[in-house]
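Predicted, not measured: the structure shown is a model, and the values here were computed from it.
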Amino acid sequence: MDWKKLLIVLCSVAGLAGGAGSSAATPAAVPGPPPAAEPAPSADLGQDFTLSTGQTADVATRDLTVRFSGLVSDSRCRPGMQCFWAGDATVSVVLAEPGRGERTGFELHTNSQGGHRDATFNAFRVDLVAVNQQGDEITLKVSHL
């Protein structure tokens with residue numbers, strides 16, 4: 001065994017242990033209210049609006065919420081690639097009327113050959129306008145039937 005290396009390790013450990021009792025102050029967590037949550041976006045009928053994954057929008061002046069649950073699948077052609085088919089992104093959306101206690105989920109598609117680009121719920125229609133390249137943000141439009 002190399003005694004010089006052992007001596008260096010022991011001195012290093014002793015130096016660290018000696019510093020453990022130092023009087024240097026460390027910042028403590030300050031109790032208080034948690035940071036404010038980002039307010040839910042508001043969506044106007046007939047206007048495009050954007051949601052990030054997990055985000056819910058309240059439709060202005062209506063008892064309707066729209067939640068983007070997440071990306072289900074994505075076979076879209078990536079930038080810089082040459083593809084024979086544009087592909088399809090599928091997203092999961094939940095529509096709810098909290099006042100009536102009703103809610104339902106839909107899968108919407110970017111390509112009409114992959115499935116529906118829109119869904120109807122009670123007196124409303126929701127159209128998938130776009131999905132960003134990462135699949136973590138969608139643009140929707142809600143209209144009244």
Indicate yes or no: at least one non-hydrogen side-chain atom of [X] is less than 4.5 angstrom from one of [Y].
X	Y	result
Leu71	Thr53	no
Phe68	Asp136	no
Leu128	Val93	no
Asp63	Pro98	yes
Arg62	Val142	no

Nearest-0.5 Å distance that lies between atom [atom1] in [X] and atom [atom2] in [Y]:
X	Y	atom1	atom2	answer
Arg78	Cys83	CZ	SG	9.0 Å
Leu95	Asn122	CG	CG	9.5 Å
Glu137	Ser52	CD	OG	4.5 Å

Identify the heavy atoms of [X] and [Y] that sit nearest to each other, and give their distance.
X	Y	answer
Phe121	Glu97	CE2-CG, 3.7 Å
Gln113	Trp85	OE1-NE1, 3.3 Å
Cys77	Gln133	O-NE2, 4.2 Å
Gly115	His109	CA-CD2, 3.4 Å
Asp48	Thr139	CB-CG2, 3.8 Å
Gln55	Thr50	OE1-O, 4.3 Å

Tell me whether Val94 shares a hydrophobic cluster with Val72, the cluster being built from Ile, Leu, Val, Met, Phe, Trp, Tyr side chains joined at under 4.5 Å. no
Assigning hydrophobic clusters by single linkage (Ile, Leu, Val, Met, Phe, Trp, Tyr; side-chain heavy-atom cutoff under 4.5 Å), is Phe106 placed with Val131? yes
Backbone of Asp88 reached by a side-chain donor or acceptor of Ser75 within 3.5 Å: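 Side chain of Ser75 to backbone of Asp88: a pair is present.
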With no hydrogens and no angle check, is any side-chain donor or acceptor of Arg67 less than 3.5 Å from a backbone partner on Ala57? no
Tell me if the NE2 atom of His116 is crowded by more than 12 foreign heavy atoms within 6.0 Å.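 Open.
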Where do Leu108 and Leu140 land on the side-chain contact (heavy atoms from CB on, under 4.5 Å) test, with the steps shown first? CA-CA 10 Å; Leu108 301 176; Leu140 300 169; 4.3 Å; yes
Would you please test Phe124 and Leu45 for side-chain contact (heavy atoms from CB on, under 4.5 Å) and show each step? CA-CA 9 Å; Phe124 301 99; Leu45 285 177; 4.3 Å; yes
